[in-house]
Every structure is written in structure tokens, then in C-alpha cells.
2 protein chains.
Amino acid sequence: FLLDTGVSLSLCASRCQKFLISRVGEDWIFLILLGLLMALVSWVMDYAIAFCQEAQKWMYGGLDSNLLLQYIAWISYPVVLITFSAGFTQILAPQAVGSGIPEMKTILRGVVLKEYLTFKTFVAKVIGLTCALGSGMPLGKEGPFVHVASLCAALLSKFMAAVFGGIYKNELRNTEMLSAACAVGVGCCFAAPIGGVLFSIEVTSTFFAVRNYWRGFFAATFSAFIFRVLAVWNQEEETITALFKTRFRLDFPFDLQELPAFAILGIACGFGGALFVYLNRLIVECMRKQKTINKFLLRKRLVYPALVTLLISTLTFPPGFGQFMAGQLTQHESLVALFDNRTWCRQGVAEEFDYISHHHAWKHPQVNVFITLILFTVMKFWMSAVATTMPVPCGAFMPVFLIGAAFGRLVGEIMATMFPDGIHAAGSVYPIVPGGYAVVGAAALSGAVTHTVSTAVIVFELTGQISHILPVMIAVILANAVAQALQPSLYDSIIRIKKLPYLPELGMGHHEKYNIRVEDIMVRDVRYITLNSSYRDLQEMLMTGQLKTLALVESRDSMILLGSIERLQLQSLLSLQLSRQRRLEYLRQLAQDNGTHDHLPSLTSDSTPSSPCTHTHLNSSTNSSAHLTYEMSFLWIQSLEVPVSSLMQITEWEEQQLDEPVDFKNCKIDPAPFQLVEQTSLHKTHTIFSLLGLDHAYVTSMGRLVGVVSLKELRKAIEGSVTVTGVKVRPPLASFRDSGNTTNVSEVTELHKLCIRHRGLSLPREPNPPNSPPAGLHKECQV
Amino acid sequence: FLLDTGVSLSLCASRCQKFLISRVGEDWIFLILLGLLMALVSWVMDYAIAFCQEAQKWMYGGLDSNLLLQYIAWISYPVVLITFSAGFTQILAPQAVGSGIPEMKTILRGVVLKEYLTFKTFVAKVIGLTCALGSGMPLGKEGPFVHVASLCAALLSKFMAAVFGGIYKNELRNTEMLSAACAVGVGCCFAAPIGGVLFSIEVTSTFFAVRNYWRGFFAATFSAFIFRVLAVWNQEEETITALFKTRFRLDFPFDLQELPAFAILGIACGFGGALFVYLNRLIVECMRKQKTINKFLLRKRLVYPALVTLLISTLTFPPGFGQFMAGQLTQHESLVALFDNRTWCRQGVAEEFDYISHHHAWKHPQVNVFITLILFTVMKFWMSAVATTMPVPCGAFMPVFLIGAAFGRLVGEIMATMFPDGIHAAGSVYPIVPGGYAVVGAAALSGAVTHTVSTAVIVFELTGQISHILPVMIAVILANAVAQALQPSLYDSIIRIKKLPYLPELGMGHHEKYNIRVEDIMVRDVRYITLNSSYRDLQEMLMTGQLKTLALVESRDSMILLGSIERLQLQSLLSLQLSRQRRLEYLRQLAQDNGTHDHLPSLTSDSTPSSPCTHTHLNSSTNSSAHLTYEMSFLWIQSLEVPVSSLMQITEWEEQQLDEPVDFKNCKIDPAPFQLVEQTSLHKTHTIFSLLGLDHAYVTSMGRLVGVVSLKELRKAIEGSVTVTGVKVRPPLASFRDSGNTTNVSEVTELHKLCIRHRGLSLPREPNPPNSPPAGLHKECQV
């Protein structure tokens, strides 16, 4: 009986375990874990940053007897922290430098950047970021946090795969999880789940699967919840509310007649955003071009961040220039002050605020509040642009957000001075709320820099008020329109600087792009191998070209596309053909034929681990590895002191081997590479490339391979080196395209040829222009 | 000199005109026009609806001396309006019935439903909807408004194309505009631009192009702005604020310990939402199955809506049962009352509200407020489910939102009774706000019914407060999780009821779906034509099959896929081969050969417009049109009284003609139909189908056609008639798939065959199981 119970118990246990494992495979458990982890990381990091900043203040405050000592305390602290951050990141994982959003965008496009998702990078990013932010420089947390969350997801995924196996090994699923992780990153950084999801979608995706929507929402909400609950448990807050809570009046948030001012603010922010991106790129490019600076900086990598930090912290030194630009406040304190309900220029409205102590930082006895705001905006603008080029983990969102808020506050204060009793004509007096302008400015400038609309949502979630929705939306949209017309987004700009593979967006209203077709941009000289190719052809192909995949066609005449083969596969095919095994076999056979058995045992018993075959696989990333193998095996045989005659025989044997037709039996072939037609429009090609994350696509006509389009050609076409009116890349026939029939002619002629070939007819009829209407768009939709 | 000026002036004018036309082609002008139009339509409609409801109240109020007269006035008004709405829609455009979101989802998937986007439908929808909503039935405005906005966009697009031409004719662009229009529809209906964009994305798309994001935001913001500005200009409001403004306290919106209650509310709403969808479908299916009812209803189409309206308005009659369920209030009034700041069960907090007059509708002298709320919730629940099945233009969002709000208020009142002084332990007393529960309930229930998360955003924009963000998000996500596990969304349910083409979503956590592959679900018996096919083959193919497109392969042996041809093209090919022209030519030649010239002139001069050729094109939609043509031309020749011998000859000629190989010269061929591989996973296939809006895809193996997958097979596979463990549709090899090598074997074998065929080798070597690792997922990514 006991045994029976034991058996049933163990059965039950095993079933439970199975159930558990299958449940653990569920997405939501993964997402909860991810959210929890990220919330903890975010909270601990915030705590550490606050501690750092408190420490600096304490040091600075304790030394108020001696100005020089105070100055040294004020500057040494950030310089040490930033230098440490730069050095630490440099040593542990240089991939952790910068925002991380550009890299995530590239990874989510399907490009493998493996070193960006390792544990080392995670550690470097978290510690480097904490130090960088703790220094009080104008740097942001949100960009790196997207990267940290993705790192977290990737590591968690790897861990789960190792423990539970199964579903965690699915690559598709990992991509889905990565895009959810990006949402978590923004969400738990700002406690803004909705804005986080939308921001991460806008910033990282070109096409978004609505299927994955709930994942982002779920994880970001959970994460934001935990992040804020930690603050409540730590008795910092009474309950869960917004990070930068505002108290604007609800009944009459703004007047209709204030809308033009909001619109102008939005447009100005658009120009400002474009300028910021331009400035940022200019600094990076300047540093690269100036060879002497560049060399010096490369040798001493830590000098640049130290110098920049020194400059910025000197300028913000509170008893010095800092007194005119509220230099003593941290980003958080400045933002709270800027979203203040009061009108600073008048101080008429008396409300109770607990952060009044920070308030006098903005009110200099000799200097007007307007001057302070203008100085703050201008100085922070270039400081942020410079600071974000430092080689430490840092983002630009928060600094830009702060500058926008200051600029908005400036406009608001000006409005409040111009209309002291508000604009509203009838009845009650509603004075203008400059804090509202600050909110609008913050959303508009950050929207302009990042080219996103969802900063509007982030601002609502950050302030906890949605009453200014209309001004915010109008300003953000206008700012986006202006900024997108002038400059790429900050993240796209970094992608270009870093030379990551990317696909530019089709801009607004570039309608001439609708007329470019694949045939205008494709490369007609495609490298291919046929079913009849010999190994020699293969070798030549591998030694001359640099493409990662090669097309496989039926024969040189038919050119019917059968599939594509990766370069690596071909290399291993070639090295297999000339492999040690086969060489040995041949030698043995040769020996048998000649009756010279003397040195063969040494060959067969030779089991050195560094056989040429292994070498091939190690070196397979280099282009000429096949050639290398060939040379090496040659040398290897030479080193065995084989008689010259047999060496000659081996060379002969190799030549003979190379002339054999390729045996594709053991080769992995991609049997259905993506195909386009010559008539596919650029617009559609762009859509397909970004939808499916393609790297290249073959252009076929009735199954025949006629060209290839890769990301490079597409990029060129979109960025304008190919125009419809230009003749640079266009084939002669393309200019007739508007008549509609010509494209069909070539198609028909080709079909005709095929027919003739198949039926064995020898007389080629004249290809008459057909009467059928030109192939419409609905045809192309089937691409 | 004058002439010179004239020339330069005319040049300038033409340049201006050109500039204007090119600018008009810009998206943003189109979007502004669309937003403006929709805001006007929405505002005028709201005005008309309010007028209708006022009229009913006035009639009802004026007759308070006689209960019977009052009753007749109360019921006759809605019955007349609903019957008129149903009749009007039925006569003008039956497509205007219902919500329109399911149809828009189908259209945006790429299916052409042309009659849904006509001017007639627009008129029917707008007028029908106004009447339906004016009747005061529990119907919504938001679903139909999505349809109206899309109609508006389609008509505007057509108008612009007629006037300005060019870019407006681009079909891709029209799709982009349609998806922006959906956002406008929701946006200007609720004055919720952000929520509108997100809701429309969630409801209509499976994959969303972030590129199109700004369009939706721009148009929806503009539209919402105009919609609210109209209210200000009409002196209804002082400034632009939310539609259902709430005044919850900002400093302590809710206690952390209330979160479990919010979570339970969310879960309950999830079950409620699933029940609503089930009930709605049940009613429709019941009516269909009951043949006697069905017949009766079909004959008298207006009886059903009239009966339903009679029932509902009788139950809400205020002096009758309506007094227990706030029957006299309109949807808008009820919602305002439910979002009230006060705690109804205690009335402790005294704040001033201007809608107190409506308030007593909820306070019956004999009945508890709990009973009123319960009755309201339950009665409105089934009433809404029934009302939305009426054949009038109507949506279900607003009624569901209202029910959710009532249920939330109920939970909130219960909580307020249980914790009269709030839950918060330390220090100050924060009483519970039942209005917050109403907001959470509304978002959760509407989210559950529509399977969307963005109802959370809509609720923030509707109430103008975001302070309850966390409870709302938690409840909405939980409600979604429950509802999605139990039922499809309301819109998907309607799509299934209406039998529109659709692709079901891959549910959460259906991980077994990752293991099904295309080879498990594809149809292996593909209909194809070869380059060698004769017209007879074509005829047979057309007469037996029903597919819209046919595959074109090189030959029966090679089976290499060259492209696909539409059925219509083949039909015209066949009819061209047996055309009147060619027949005449043959007859003339025959006559020349025989020397019988007597009846030929009559034939050549015969120019009857109803030639068989024309007939073919008219009848080309029927399946056997080719056969028909053949018969008809036969008859036609008979009617000309051709001698029997020549008739025989013609028959012979036709037989001979049919035996000729098909000449594909004049035929439009889709040269690159979409191809999948046998190993493509179901998950990936689903992604590709929904990404590219495919209807079918060919399955190829090394260029050879091996099968076809259409939406039907995919649907079956996802909905579970194919399981991995089932053997129903699986090919024998599929069960070996886990060993990883077997799939490669077949591939390699086929390749081998090809090689042999090409090299002319005759000895088939044994196909050894290869040593290469199984094709990984990253290979398939290239599909």
C-alpha cells in the first residue's frame, strides 16, 4: 500500500513538475519576471543616483567657508565619476557606451549584433549609467534603460532556455520578447506604461505586430507598478502617483486663444530639436575629422569625458556662473520647479508648495527670471549636446525634456506678462498658467529630437494630468513636422554615425518615390552558381565576391532561380572536397597502387587536433578561407615529407577534384529566397524589406534570375542618388515605362523564349506588342 | 514690354497652378480636409441626436396628466425612429447596417469590398445612425463612425483623384489614408485623439506601419480639436475640456490596498465581456436557425427592430419599471452621473454639481441605490446585446462602456460601505471614490468586449484625468486576459457571423502552434497549367476548378513554378482562341478553298453588338463561361444557317483549335507569386499572410511546386482542426520531423534528381542521410 502511494505520489510530482515547466514557458511569467527585475534595477539605480547627488551637495555645502575648496569639491566629484564610468565601460564592454536605442532598432530589424546582448554589457551598462547619472551631468536614463531592459530580457531568456528548454529556444519568440523589453525599459524609467509602449514602438520598429501589443503593456504596467510601489514601501510617497505631479486647475486649463502661442512654441521646438540633432552630429564628426585631436583622444580615451565634465561643472558652479542658470539644482529638482503652478514673473497666485526651497534658485536678486530662463535654456542646450557625445552610457531624452520645459516656461512667463489677467473675455478671470507651457515645451522638444508623437503620452503620465492634451498634441505634431523635414531623428543620426545597417524611412510626401521601380535600382550582374558548376567555379566565386549568400540557378541558359546558399556552406563544401580525409584516401589508394606502404601508417595515426579541416571552420569568417585551406593542406602535406612525385600527383589530384561538378547533397540551401519582380515599386520594396527585415532580395522574371537588390541599393535609392529623371542607374527601357506596354514586352518575350525552348520550336516569331492593359498595382500586390 | 510681362505672368500663373496641384497632393491637406469634414459630421449628428432626445422628453413631459398617453408617446418615438432607420438603410444601402469595424478590418487586410465605400452607403449610414441614436436605444456611435470616416476618406480620395489626378490614384496610398480615417472616426467621436489612434490600430490592423502613425495622430487631433471648438463656438462650453470631465482628487487618488478590488473588478469585467460577445452571437444564430422566425423576419424586415425597440422602451418607461433603473436618463446623462465624485450610498461629501437634477433618478424613495445599480447593469446588459443585433447602423462600444461604468460604480459603492473612512492607515482620512471604480469598470468592460488595451487611454481622454492610470491599466489587462481566453472579440465574432474572409489571431501562449509546419496543412493536389498545356487542358481546368488563380509551371516533369495566372485571364485566352474573328477567318479560308462565296459577305458585315466575344466578358464571372462561349458560338453559327458540312468542319476546327498549345503571349502573368517552403512554421506563415495580406501562397521545394496554402487551410490549422498529435492532415513523413534529418533528405533527394536530370546521369545513387545539422530557424527567416 505504501509503495502504491509512493508511486502515485511520484507520478503526481512528475506531473506537477511537467505542469510547472509548461506554465513557466508561458509568456506572462517571463514578462512578470522581466518587469520585476527591471523595476528593481530602476529603483536601486535611482536610489544610488540620488545618494551620489546628495553626497556631492553635502560635500559642497560643508565647505562653504572656502570658495576654492568648494569649487574643487564641486568639480572633482563629477569628473571622477564620469572618468570612472568611461573607463569601466571601456574595459568591460565598449558596447555599453551611448544610448542603446539605435542598436536595439538595428537588432529588431533582424541584424545580429550579438555582443550587444551579453552579461558583461549588462554589468557595464548598469554601473556605468549609475555613475554617469550620479555625476549630475545633463545626461538621461531612458535610452540606456531600453538597452538594459533588452539585455535583461535576453539574459533571462537564455537562463530560462538553459533551465526549462523548449519554447525559450525559439528565435521568433525572443524577438517578440525583446520588443516587449524595450517597452519595459521606458515604462519603468518614467513610471509611464502607456507612453513607454508607444515610445518604444515608435523608436524601434518600422512595422509593429499588434499581436505583441499586450506583451508590452502587461510588462510595462507591471514594471511601472512595482517601481512606484517600491517608493511607497520606502515611505517616500503616500500612494502611487505620477513622478512629476502637477496641480493645474481642471475646470479651465487653458484658453482657446492661447492655442496660437502653443503652436508657435511647437514650431520653435521643432527647429530646436533639429538643431540639437545637427549639433550632436557636428561635434562627433568634428572630433573624427580633426586628425590630431582624434589621435590624441584615441590614445587617452578618458581625457575627453574628463575635459567635458570639467567644463560643464565649472560653468554650473553655483557661486560662479551657475547662480544665473539655477546650476545647483539636479535635473529632477529643476523639472519639478519648472512645472510649478505659480507665475514666477508676478508671484501673484499664492499657493502652498513644499519645494519652495528650490524655488529661489530661479530668483536671483540682481537678475530677472527671464534672463535666468534664457541662460538656462541656451547653456543646457549646448551642454547636453556635448555631454551626450561622451563615451559613457547615457541618453539624451531627459536633458532635452528639461530644456524643452525651460523654454516652455519662458514662453509661458512672457505670455503671463503680456496678458496679466488672462485672455478670456467674458466673465471670470483665468490667469495664464506658465507651468502648462513648460509641459507643452517639454513634450514638443523631446518629440522633435526623437521624432515621436508619444512624448505627449509620456508627459501626461509623468505629470499625472491630461488637461492640456490639445495644446500638447498640437505642439508635438508641429514640432515633429518641422524636425522631420530638417533632420533625421537623434537615433537615426547615431545609427548613421555608427554605420549600423539601416533602412531610411520614406519621408512624408516624397511622392516621386512612388515611380521608381526595382528595375531602376537592382544590380544586374548577379553572382550565381549553377547545378552544373564545378568546384573550380565555386572557388573563383568565393575568392572574388564578398556577398554573404549566392544564388543557385538551374543552368546558365535557363537561369531559373532554385534557391540561395550561404557563403559559409559553400566554403565548407569546397573544403570537404579537398579535405584531409579524401586526400588521405587518395594517398592510400596511390600507395596501394604503387606498393609504397612505408609512410602511410604515420599519416593515418596522425590525429593532431589542428587538422586543416578544423582550421577552415575557425577561419571561415575570412573571405579567402577556402583558398587558405587549399594552401595550408598543401603545406601540411609538404611538411610530411612526401616524395616530390607524390606531391605532383596530389596537385594533379586537386586540379582534378576542382574540375568535378559540385555535389550539393550535404549543403543547406535556402529553397525560397525572397523574390521581387522588376515592376515592383520602390515603395512596395521598402515596405517588404522593412516588414520582413530582409537584407537582400532576388529579382526574377518568370522564374529567371535577372537581378538582385540589397539594402545598399535601396538605401541609395531612397536617399536620393537615384531619381526618376536622372539617368544614372536606369536601364534604357525604363524611360518607356509610362507607355505601359514596354515592360510587358520583355516579359512576354522571355516567356516566349521559354516556350520555344520547351517545345523545341526553332523559328522565333516577332514579339508583337500585346494588347493587354499594363500590369496594374493589384497585380503587383501579389509579389 | 507688355507682351513680355504677359508671358512671364502666364508662366508664373501656370507655375503657381502646378505648385498648388502638387501641394494639394500632399497628405496633410487631405488629412485636414478629412478631419474637418468628420468633425462637422460628428458635431451636426450630435446636435441632431440631442434634439431628437429633447423632443422625446418634451413630448413625454408634456403629457404627465395621462399615463397611457405618456406611455404611447414614450414608446412610439423610438419605434418610429428605429423603423425608419432600418427601412431607410435597407432601401438605400444594406451595407450600412451594423458597426462597420469588422468590414474595415477586412478591407484593410486587402480584401476588396467595394460596395462598402460608396456615397450611397455614406448617406445611409449617417442618416440611419442619427435616427438610431436619436431613439435613445442602447446603441453606440463609435463603430459606425469608423465606417463613416473611412467612407469619407474614400469619397474624398475619389474626388481629389478626379480633380487633381496623380497621386490620388495610388492604391497603396489609399490604404494608408483609410487607416488614418479609422483613427479620425474614433478620435472625433470621443474627442480622444490618442485613444482613437490606438483603438483603431488595435481593432483594424494586425501589423501596423509606424510610418502611418503620424497621419492618424495628425488627422485625429485636428478632428478632435475642431469637434470641441464647435462646442465652444456654440457657447455650450467655456473652453476645450474633456467630454465627461471628472473631478477626482489629485493628491491621493486611490490607496494601494484598493488595488485588489480593482483587479477583481477587472476580472469580473473580463467574464462579463466574454458573456456579452457570446450573448450577441447566440441571439444572431438563434434567429438564423429558427426557420419559421427567420422566414417571417426576412419577409417583414422591419418587424424585428420594431419589436425589439418596443420591448426595450416599455421596460425603461420611467413611471413603470424604468424608475428602478434610471430609465429616463440618456446614455450621456447616465455616464456623467456614474462618474460623479460623491459617494451615493453615504452622501457624506457635499460638493456642488450642476447635474444634481439627474442625480435623483438614481435615488428611488423605496429602493436602495445598490438595487438600482444592479438592475441597471443587468437590464442594460441584455438590452444592449439584443439592441446591437438590430439591422440599423449602430455600435456596441458606448453601451458596453456605460454598463461597465455602472458595474464599477456598484463595486465602488460596496467598497465605500465596507470602508467608510477609507483603508489608509496612517494619518489623514481619504474616503474611497466610487467614481474612480466607475471609470475603471468602463475601461475594463469595453476593453474586454473589443479585446483592446487602448480603452484605458480613451477613458483618460474622456474624463480628462489620468490619476487612476494604474488601476485602469491593471483592470484592463486582466479583463483582456480573461476575455481573450474565452471568446473572440466582438468584431471578430461579427466577422465570423458575416462570413467575411479573415485570419484568426494566434492566441496567447498557444505554443504548440510553433510546431506545425506548412507541409502539415498545405493542399498537395495543386491545379496548375504548364507551358505545354493545350487549350483543352485549359478548358478542363476552368470547368472543374473554382480557384481564382492558377499556377503556371514549366512542365509536368520539372514542376518549376514560373508564376500564377488569374482565372479571368485564362478565360479570355480561351475565348480569344475560339473567337468570332478567328472563326470568321477560318470560314473565309474554308470558303476560298471550296469556292463557295455566297454567304460570307453576310457574315463579315454582321456587326451585331452581342457577339459571343462580348458575351464572354460579360459572363466571365460565372465558372463555366468558357464552356458557355463555346456553346453559344456554336449556336450562333447554327443560326446563320451554315450548311451542315461546314458546321461539321467548324466543330472539327474547334477541336483542332483546342488541341493547340496555349499561347501565353497576351496573358498577364504574375511573375512572382508568394512562395513558402515546406518547413516554414505555422507561426511564420501566419505572420507573412497577415503582413502582406495574402490570400494564398504556393509551397515550393527547390523551385518545384509541391503544394498551395490558402487562407482557408491556415484558418483551419489555427482554429485547431489540425493538431500536431492528430493524424488527420499530416503527411507520413511529418511524424519524423523531430529527428531533424528527414526533412532534409527529401530536399536533398529532390535536388539530386534535378542534378541528375541536368547532367544526364542515369545511375541514381543511394540518397544517404546527410550529416549536416537540421535547417535552423534562421534559415527559414529568409522565406
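All values below were derived from every heavy atom in this structure, side-chain atoms included, with hydrogens, water molecules and symmetry-related copies excluded. In what follows, every chain begins at residue 1, and chains take the letters A, B, ... in the order their sequences are listed.
Looking at B:Phe254, the atoms closer than 4.5 Å to chain A (heavy atoms on both sides) sit in the backbone and in the side chain alike. There is no contact between B:Leu478 and chain A, counting heavy-atom distances below 4.5 Å. The parts of B:Ile201 that come within reach of chain A are both its backbone and its side chain, each placing non-hydrogen atoms under 4.5 angstrom from that chain.
Atom CG of residue B:Asn480 and atom CH2 of residue A:Trp214 lie 10.5 Å apart, to the nearest 0.5 angstrom.
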Test side chain to side chain contact (heavy atoms under 4.5 Å, CB included) on A:Thr221 and B:Val476; report intermediate values, then the result.
CA-CA 11 Å; A:Thr221 304; B:Val476 166; over 6 Å; no

Would you please test B:Glu461 and A:Ile469 for side chain to side chain contact (heavy atoms under 4.5 Å, CB included) and show each step?
CA-CA 8 Å; B:Glu461 290 182 284; A:Ile469 179 165; 2.9 Å; yes

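Each of A:Val453, A:Ile466, A:Val457 was checked for a side-chain contact (heavy atoms from CB on, under 4.5 Å) with B:Ile194, and the lone residue meeting it is A:Val457.
Taking each heavy atom of A:Phe217 and B:Ile477 in turn, the nearest pair found is O-CD1, 3.6 Å. Nearest heavy-atom pair across A:Leu256 and B:Val232 is CD1-CG1, 3.7 Å.
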